[in-house]
Colleague: 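One structure follows; several queries about it will come next.
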Amino acid sequence: MDTDFLEISNGQALSREQIPHLTFDDFQKNAMKIVWGGGKIVQYFGYADNSIVKLMAVLRTDKLLVAGCDAPDEYPSFSNKCEPFQLFEREIAEQFGIVPKYHPWLKMVRYHPNSQGKKDVFGNDYTEDIPGNYPYYSVEGDEIHEVAVGPVHAGIIEPGHFRFNCIGERVLHLEIQLGYQHRGIENLILKADSKRLPIIIEGIAGDTTVANGVSFAQAVEALTSIQTDQGSRIIRIIGLELERIANHVGDLGALSGDVAFLPPANYCGRMRGDFLNMSLLICGNRMGKGLVRPGGVRFSIDDEISRELMRRINELEPQVEHVIDLIFSTSSVRARFEDCGIVSTSDANHLGLVGPAGRACGLPYDARRTFATEYYPGIDIPENAKTTGDVYARAKMRAEEILQSISIIKSLLKDTIETNCVDSEVFNLPSSSFVVTVNEAWRGELSHCIITDAEGKILRYKIKDPSFHNWNGLAMSLRNTEISDFPLNNKSYNLSYCGFDL
Amino acid sequence: MLNTLKNRFEQGYRTSTYPKKTVELVPRYRGRPQVHKNAPSDLVVKCAAACPQDAIDIDRKLINMGRCVFCGICERISEGRFISFTRDFGYSVAEKDHLLTDGEIPSLADHARQHFKKLFGRSLQLRQVSAAGCNACEADLNVLATPFFDLARFGINFVASPRHSDGIVVTGPISRNMKTALLQTYEAVPDPKVVIAVGSCSISGGPFRGSPEITEGLDSLLPVDLYIPGCPSHPMANLHAFLKFFK
Ligand code: SF4
Ligand code: SF4
């Protein structure tokens, strides 16, 4: 493609001078052209450089493309013509007070004042501490009623607010308001001691600890030219795949519970724990906290642990297979899963859905294939894609990935894994540099980006959780769906609140 | 039907016999820290400097379990000569002072509020509030409902409405945006009520301390009765604390 954006590879360190710094108009024209041509947005964010606000975009085709520009105080919104930018533009408006004029849906993202002390774009008063304090999209008419759910939900789950506009049982529109989990992570990283960074990163989203840890470590390694050994690359993949399996197994159980088929709900709950306990066996923490650090991993998988992992996996694999078979061969389950919460391939493409949610709608993108890192280039990841875009497809996608991940781990455990463990290496980042990393977390494409200043201090740390793309997919699934099918659809995505809210 | 039965048979009976028989966790699990007071001061200083949570009190040679994320870096650096982690998950405390410890942790049962034991010992309904938790502490509470732990066999349940509950279990560093919802949930619980802080975040702000978007310590907002440290606390630590405190 003919573009002014620069082609880069995943996890490639660049000096900031190498990144094309375009005029705003050229930046906008090029970015839109790439996205119209089928490109997707990996990152698009603002950052303040000596009190000048600048913009940076990383787009993807089958390559990664990057360019930046100075941010005008206000500009005609891209989203007006090219919707995939809408949430990114709102985030930039919230974080830096830059106004995207004529934005079709300019509402806050996480409910916090901007970092530049500029006038609030949304006219919010932040002494009132309720993100939901805002006029929701509402449908009018005699038969219309609204249902408000959250932020505190019925179960043990994270907070968020869901506002349904319904006609009878049928949902016409679901609006999702997040921000309750906002901890100010991106700003905290800028002022925190570097020894704290891995701990903060692992707290972005506990169910995605390993993927975030890996994304951070890769970024630091690229910038500092630290090499990792093969053993640590293998252990990282084992950690990532265990994370994927545990979450998918748990969600299959939850889905089964939501259609009142209780046996698999209980079995999956137990088996999920067994996979988490494998992470515990490796690194002493069920969520994999503490496993990955810049330079490698902190815990080895010696032959004894490897044998024990293999033994546990061999014991679990048939049980997992049989429970999956039980779920998908039960007609009452299929009756509820099939045709429920459909998102068409073209809508999914438009929304830029990623991960299993995207693959369930026929978008085969998997960062493990397209932008393979660590030991993934040596592993054959099947091209997974379904086309029906319903709960069934999302559940089936998860089921298939569980079995694939199990066989990946088994193949990696065949040989002895040798690695030199690292601990809490201190690292100094180079000045005026840039790096972006992309990994396939269990929910989909996760990306971290670091920009450093002239002293090598972190000027911007940008995190994009896959949920940033996918929450709108859930809202779309609910269109014309019975409100009673909300929990089922919600579980089929199981998106991250804290990963989104940061 | 046959398939259902076959699966049932294959899955077997999974509920642990805890507390009758104790549960052994794996060697790399980091539970109650043990401080070795005879460690040389320079080693203590080195550990404190490397501790990502600034959880080590150099002068008194103590560890603050409310801040600690049990990463084990201090143990690695000192090769276990200053701090070593035991596999004991019974480290929860009822008094804030007990969080700062050399590893000799006062028995939770002795410090439990006796009136709670009387009121809730046979039936305890809890409302969980995730206040910006990273979903790991939440997950390791949720898991108590699965067959291995089976919390309900002790008469303890997590319920949907605060009005049906005897107290709240709070996770996360209480973001500014969740504060009102948390306080309203607390208000909605009928008196007398218990407040339990689970995880480094809710006890001290955890990994997020220093951010203006969070609250450093649930006890600055509400009276906390039970502290369960960890990042996240292992489900066995949660179960142990609930049983010792209420039974
Ligand atoms: S285990 Fe706790 S005290 Fe030790 S270094 Fe980690 S956070 Fe600090
Ligand atoms: S204490 Fe640790 S595991 Fe628990 S919510 Fe905080 S960051 Fe997550």
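Reminder, nothing fancy here: chain letters follow the sequence lines and each chain counts from 1.
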Colleague: Hey, is the main chain of P159(A) close enough, under 3.5 Å, to the side chain of S130(B) for a donor-acceptor pair?
Modeller: no
Colleague: Can we say R270(A) and D150(B) salt-bridge, meaning some charged N sits less than 4.0 Å from an Asp/Glu carboxylate O?
Modeller: no
Colleague: Can a cation-pi geometry be assigned to R76(B) and F299(A), taking NZ or CZ under 6.0 Å from the six-membered ring centre and within 45° of the ring axis?
Modeller: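 Yes, cation above the ring, under 6.0 Å and within 45°.
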Colleague: Quickly, which of L280(A), N285(A), L281(A), I305(A) forms a side-chain contact (heavy atoms from CB on, under 4.5 Å) with R28(B)? Name it, please.
Modeller: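 The passing option is I305(A).
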Colleague: Between E213(B) and H112(A), do the side chains contain a donor N or O and an acceptor N or O under 3.5 Å apart?
Modeller: no
Colleague: Among the options Y497(A), Y267(A), F261(A), pick out the one with the most heavy-atom pairs lying under 4.5 Å from chain B.
Modeller: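 If we count pairs closer than 4.5 Å to chain B, Y267(A) comes out on top.
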Colleague: Tell me the closest heavy-atom pair linking R196(A) and R209(B), and the distance in Å.
Modeller: NH2-O, 2.7 Å
Colleague: Applying a criterion of heavy atom separation less than 4.5 Å, what residues of residues 202-209 of chain A form contacts with chain B?
Modeller: G203(A), A205(A), G206(A), D207(A)
Colleague: Is there a donor-acceptor contact under 3.5 Å from the side chain of K191(A) to the main chain of G210(B)?
Modeller: yes
Colleague: Main chain of L188(A), side chain of S211(B): is a donor-acceptor contact present, judged purely on distance under 3.5 Å?
Modeller: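 Checking the backbone N and O of L188(A) against the side chain of S211(B), no donor-acceptor pair under 3.5 Å is found.
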Colleague: Using every non-hydrogen atom in the two residues, find where G72(B) and R298(A) come nearest and quote the distance to one decimal.
Modeller: C-NH2, 3.7 Å
Colleague: Counting only non-hydrogen atoms closer than 4.5 Å, can you tell me which residues of residues 133-143 of chain B sit against chain A?
Modeller: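 The residues closer than 4.5 Å to chain A, in numerical order, are G133(B), C134(B), N135(B), A136(B), E138(B), A139(B), D140(B), L141(B), N142(B), V143(B).
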Colleague: Does any heavy atom of chain A fall under 4.5 Å from the side chain of T185(B), the backbone, both, or neither of them?
Modeller: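 Only the side chain of T185(B) comes within 4.5 Å of chain A.
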